[in-house]
Amino acid sequence: MHDIRALRADPAGFDAAMARRGLPPQSPALLALDEARRAAVTAAESAQARRNALSREIGAAMKRGDAEGAARLKAEVAALAAATADAEDVALEAALAALPNILDPEVPEGRDESANVVLHQHGTPRDLPGAKEHWELGEAMGLMDFEAAARLSGSRFVVLKGALARLERALGQWMLDLHVAEHGYEEVSPPVLVKRDALFGTNQLPKFEEDLFRTTGEHYLIPTAEVPLTNLLREQIIPEPAQPIRYTALTPCFRSEAGAAGRDTRGMLRQHQFSKVEMVSLCTPEQSDAEHERMTACAERVLTELGLSWRRVLLCAGDTGFGAARTHDLEVWLPGQKAWREISSCSNTRAFQARRMKARFRRGKENLFLHTLNGSGVAVGRALIAVMETHQQPDGSIAVPGVLRPFMRGQERIG
RNA sequence: GGACAGGUGGCGGAGUGGUCGAACGCGCCGGUCUCGAAAACCGGAGUGCCGGCAACGGCACCGUGGGUUCGAAUCCCACCCUGUCCGCCA
């Protein structure tokens, strides 16, 4: 959500920012809506002021028993036309809420992922001769069952069993512990069903409704814990935080994958349900850039400690999500698939979401919008894939990374 | 799910149609007093929007949304939420 005052102050700058998103100039239409709205507000308020004044006079007249005067005043009020600015308010709000965030100056130009920039890399993309993909390994062990899942739930679901089920659990537990014990995040166990307002706050709604699962009632299943965690401070005014407020949660995530027909249909790379450890920070504008770097580093540490090869990618203008000013994707190398695949995405949305959800902090006499950041720390399902493919042995078994063994009762090998 | 009770400012709690944005108490901020503090006393203090360079003026907000009325925190309707009891249940 954009600040109409900022737009008023610099329409050309705003249009330039939207041009980077591939959009035509927006300010003429927005300024016209704003002008219409303000004119309507001014008219409605002065009419109301007149009405209020007359009503007070009626009260005074009746108090002194002047029924005639009161009647005359009532007639005067009745002649006033009703006026509101509701329609104009809604129109401007909707127009402002439909536009993507302004990009950070460092975000490279470009239409799609081919213009993304690799910032740095850890490890090498190993070419393991005869390496198998995760689903081959999992099915061979009898611990990863897509057919059973299809019978239960349809496509894009998986059933994990035995040591693989435990490995998934170990990954989630270990990541969560790491962020809580060593990265300063507060653990949260949030609802996974939320209302529309929360989804508007983190900008899944109204634009991306088709990506969500909806209940028969008024709830939606969260597509990421970013939604409940970020909305924890919605409609709040907190004292200025000295340090960023950091939340983390391990939750299932639900995505309809409506636009992904035919993509990644094999294996568990793209599922309707997956679990993910999410990190969310809320902080002052001055803190947010450093916090973005720090958050990304927290996710990178997860990958490094799992012994994975990864790289950090700065998304280009065309690939950066609607709500983000700047996004770092982390990609892991999958030796079986022989490809880099996204496993984490860390975004600074600056005040874009905070303005939508009215999350503020007090500085002196002013109430300012917080900055909000979110990042996967990391996607558990994809981490499972990466661990399987990276640590697969010639005999088809998988070596359990050392950091996970305490969560596996010491088990060193699966399969 | 059923029956009652209730949702008012940071908190507690008045207010049942006419200067009520809201008494009072607590807490909070500033000041006086004090070597300093406490106490006492004085003063201040909600959010958003519109107009204005500003001073300041105006509009809205008493769970949410409608309605009645010249006028609603107060009356009516619907919904949401909380508490208590009953039922059911991990």
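Convention: sequence-line order gives letters A, B, ...; per-chain numbering from 1.
- With no hydrogens or angles considered, a side-chain donor-acceptor pair links His371(A) and Ser288(A) at under 3.5 Å.
- Distance Phe361(A) CZ to rU47(B) P: 14 Å, rounded to the nearest Å.
- OP1 and OP2 of rU47(B) both lie 4.0 Å or more from every side-chain N or O belonging to Arg360(A).
- Checked for salt-bridge contact, Glu257(A) and Arg263(A) miss the test: no charged N lies under 4.0 Å from a carboxylate O.
- A 3.5 Å limit on both hydrogen-bonding distances identifies rG25(B) as the Watson-Crick or G-U partner of rC11(B).
- Rounded to an integer number of Å, the gap from Arg56(A) CZ to rG58(B) P is 8 Å.
- Rounded to a whole angstrom, the distance from the P atom of rA3(B) to that of rG67(B) is 28 Å.
- Among the heavy atoms of the strands, none lies under 4.0 Å from Arg50(A).
- Spacing of P atoms, rG18(B) relative to rA73(B), comes out at 11 Å, to the nearest Å.
- Taking the ring axis of Phe407(A) as reference, the NZ or CZ atom of Arg169(A) does not stay both within 45° of it and closer than 6.0 Å to the ring centre.
- With respect to the salt-bridge test (charged N to carboxylate O, under 4.0 angstrom), the residues Arg382(A) and Glu331(A) do not qualify.
- In this structure, the CD atom of Glu235(A) is 12 Å from the C1' atom of rU47(B), given to the nearest Å.
- Rounded to the nearest Å, the gap between the C1' atom of rC50(B) and that of rU69(B) is 27 Å.
- Counting non-hydrogen atoms under 4.0 angstrom, Asp89(A) reaches nothing in the nucleic acid.
- Nucleotide rU32(B) forms a Watson-Crick or G-U wobble pair with rA40(B), both donor-acceptor distances falling under 3.5 Å.
- Taking only side-chain nitrogens and oxygens, Gln48(A) never comes nearer than 4.0 Å to OP1 or OP2 of rG58(B).
- Pairing of rU74(B), defined by two Watson-Crick or G-U wobble distances under 3.5 Å, is not identified with any nucleotide.
- Between the CD atom of Glu366(A) and the P atom of rG46(B) there is a distance of 15 Å, rounded to whole Å.
- We find that NZ of Lys365(A) is positioned 13 Å from P of rG44(B), with the value rounded to whole Å.
- Across every strand in view, rG17(B) sits unpaired, with no contact that passes the Watson-Crick or G-U test at under 3.5 angstrom.
- Ranked by how close their nearest RNA chain B nucleotide is to the 5' end, Glu218(A) and Arg51(A) are led by Arg51(A).
- rC24(B) and rG13(B) have their C1' atoms separated by 8 Å, with the value rounded to a whole Å.
- Nearer to the 5' terminus of RNA chain B, by closest-nucleotide assignment, is the contact made by Asn367(A) (compared with the other of Leu54(A) and Asn367(A)).
- In this structure, the ring of His2(A) has its center less than 6.0 angstrom from the ring center of Phe352(A).
- As judged by a 4.0 angstrom heavy-atom cut-off over every strand, Arg362(A) is placed among residues touching the sugar-phosphate backbone only.
- Taking atom P in both rA37(B) and rG30(B), one finds a spacing of 12 Å when rounded to whole Å.
- A donor-acceptor contact closer than 3.5 angstrom links the side chains of Thr304(A) and Trp310(A).
- Under 4.0 angstrom from either OP1 or OP2 of rU19(B) there lies no side-chain N or O belonging to Asn52(A).
- Backbone-only contact: Arg38(A) has heavy atoms under 4.0 Å from sugar-phosphate atoms and none from a base.
- Checked for salt-bridge contact, Asp289(A) and Arg350(A) meet the test: a charged N lies under 4.0 Å from a carboxylate O.
- Under the Watson-Crick or G-U wobble criterion, with both distances below 3.5 Å, rG6(B) is paired with rC81(B).
- Remark: rG57(B) base-pairs with rC50(B). Criterion, Watson-Crick or G-U wobble with two distances under 3.5 Å.
- rG65(B) atom C1' lies 14 Å from atom NZ of Lys195(A), rounded to whole Å.
- Rounded to the nearest Å, the gap between the P atom of rG10(B) and that of rC85(B) is 30 Å.
- The pairing partner recorded for rU69(B) is none, the criterion being a Watson-Crick or G-U wobble arrangement whose two distances lie under 3.5 angstrom.
- Contact annotation for Ile58(A): base contact, defined as any heavy-atom pair under 4.0 Å involving a base atom.
- As a whole-Å value, the separation of Arg37(A) CZ from rC59(B) P is 18 Å.
- Rounded to a whole angstrom, the distance from the C1' atom of rG44(B) to that of rG9(B) is 15 Å.
- Atom CD1 in Ile237(A) sits about 12 Å away from atom C1' in rG9(B), given to the nearest Å.
- The gap from the C1' atom of rU8(B) to that of rC62(B) amounts to 4 Å, rounded to the nearest Å.
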